[in-house]
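As structure tokens, the structure follows; a few thoughts come after it.
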2 protein chains.
Amino acid sequence: MAARRRQETMEENRAKLICAGRKAFGSQGFAASSMDELTASVGLTRGALYHNFGDKKGLLAAVVAQVDGEMASRARAASARAGDEWQQLLAEGTTYIAMALDPEVRRIVLLDGPAFLGDPSHWPSQNACLEATKEAVERLIAAGVMKRVDIDAAARLLCGAALNAALWVADSDDPQSALPKAVDAFSLMAEGFLVEKR
Amino acid sequence: MAARRRQETMEENRAKLICAGRKAFGSQGFAASSMDELTASVGLTRGALYHNFGDKKGLLAAVVAQVDGEMASRARAASARAGDEWQQLLAEGTTYIAMALDPEVRRIVLLDGPAFLGDPSHWPSQNACLEATKEAVERLIAAGVMKRVDIDAAARLLCGAALNAALWVADSDDPQSALPKAVDAFSLMAEGFLVEKR
DNA sequence: AACTTGACATACGCATTGTATCTGAATTTT
DNA sequence: AAAATTCAGATACAATGCGTATGTCAAGTT
């Protein structure tokens, strides 16, 4: 094999570790994941880990940022496909609910993330979900569709409700039938913010 | 000192450990708490811990059950002081928000609990908050005040929104001013469930 | 009073994290 | 191009903590 650039292989290794972190944290949880196993699974040692991410939590932060970013882009895509601005907000919310059914997302972003990294609104990734919701709320208030409430509070409530509903759906006896119930209830509750009922 | 009954001292020791667990888990978090230190702080050893609670998570479960129970009784008290049934539901919600400002509650029940013990709706303590909310929702639907939605879903959304809002308030730059915003937004959003606006 | 029980202590093995030091290949310097 | 320098990652080490296996002594039993 030809001589590789330094930076190139380093980025490759970072990507490998983040990928392995997703799998390990997503399946066994952050606390139960061994960094020895994790690094060995991609042909490295803990040396690479500590050099690249500082400590175990550093890797978690990187993994969270990646998953979080993917969630946000999927949410934006769903939002773009929806009708008016209100429909877009609902689409984002229901997309969050659906995404949180992925065990990896649940475990990493909803459970271990807040527990080990602190409140999502303070994450370096700025919790893209919250950010997207905030923007939507801002537009809706400006357009006179939503009542005048504190933007951060409303966004947090909507996001929190959606993601929490997802935890419920995922852990319910019959997720398939729980999902539409959660989506219905979410849409209904969100209408509390509307100026006029539809 | 007179000879103590066996069961008596055992219950005393259990209480001591749970109390120490509250302090340790609440201040340092579950993962960072050393069971050696914790048990020593009440004049015992890990032997007592493993005998009484099986393992570290066992103690967490006991602590969670205690805190959770206290929260529920405070919520019921607030509910009893409120006006009509709808006001009672709102009172419960805002009480949850206020209670979650207690660092111990936040850390133990909202962060470490779900992360290490799994979904609250499956806790042996049955998550008293959820239970209380469910009962309230059930009554309100029967009374025709709330729209017909799935009871579990609605309760989960309301509870989730309230507790999530509390996490936001607690971690915001200025909790004192954030609290009323959160309460306002919560009350407004909950009205989405109402049959007719008030 | 001898015996049994069991609540808790003691002692041990194993796993894991973080750090300090080392190494060799990629890059830079002369 | 050879020597010098960097630095990504490996190796080695120290510290801590969990869980278990075993021991012990007072409370309860017969």
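Letters A, B, ... are given to chains in the order of the sequence lines, protein chains preceding strands, and every chain is numbered from 1. No hydrogens, no waters, no symmetry mates; every other heavy atom, side chains included, goes into these values.
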How many Å lie between [atom1] on [X] and [atom2] on [N], as a whole number?
X: B:M10; N: D:dG28; atom1: CE; atom2: P; answer: 13 Å
X: B:Q7; N: C:dA7; atom1: CD; atom2: P; answer: 9 Å
X: A:E12; N: D:dA8; atom1: CD; atom2: C1'; answer: 14 Å

How far does CG of B:L158 sit from CG of A:L157, to the nearest 0.5 angstrom?
-> 10.5 Å
May I have all residue pairs that pass salt bridge (charged side-chain N to carboxylate O under 4.0 Å, His left out) and include part of residues 140-149 of chain A, sequence neighbours excluded?
-> none
Selection residues 172-184 of chain A - residue pairs positive for salt bridge (charged side-chain N to carboxylate O under 4.0 Å, His left out), sequence neighbours left out = A:K181-B:D150
So which of residues 13-38 of chain B are in contact with DNA chain D, with a heavy-atom cut-off of under 4.0 Å?
-> B:S33, B:S34, B:M35
Of the residues in residues 46-60 of chain B, which ones touch DNA chain D at a heavy-atom distance under 4.0 Å?
-> B:R46, B:Y50, B:D55, B:K56
Could you tell me which residues satisfy side chain to side chain donor-acceptor pair (under 3.5 Å) with [X], sequence neighbours excluded, listed by chain and number?
X: B:R107; result: B:D112
X: A:D152; result: A:K134
X: A:E70; result: A:R22

Looking at residues at least two apart in the chain, or sitting in another chain, which of them share a salt bridge (Lys or Arg N to Asp or Glu O under 4.0 Å) with A:D102?
-> none
Please tabulate, one pair per line, all N/O donor-acceptor pairs under 3.5 Å involving side-chain atoms of residues 46-53 of chain B, not counting sequence neighbours.
{"from": "B:R46", "atom 1": "NH1", "to": "B:D36", "atom 2": "OD2", "distance (Å)": "3.2"}
{"from": "B:N52", "atom 1": "ND2", "to": "B:A48", "atom 2": "O", "distance (Å)": "3.0"}

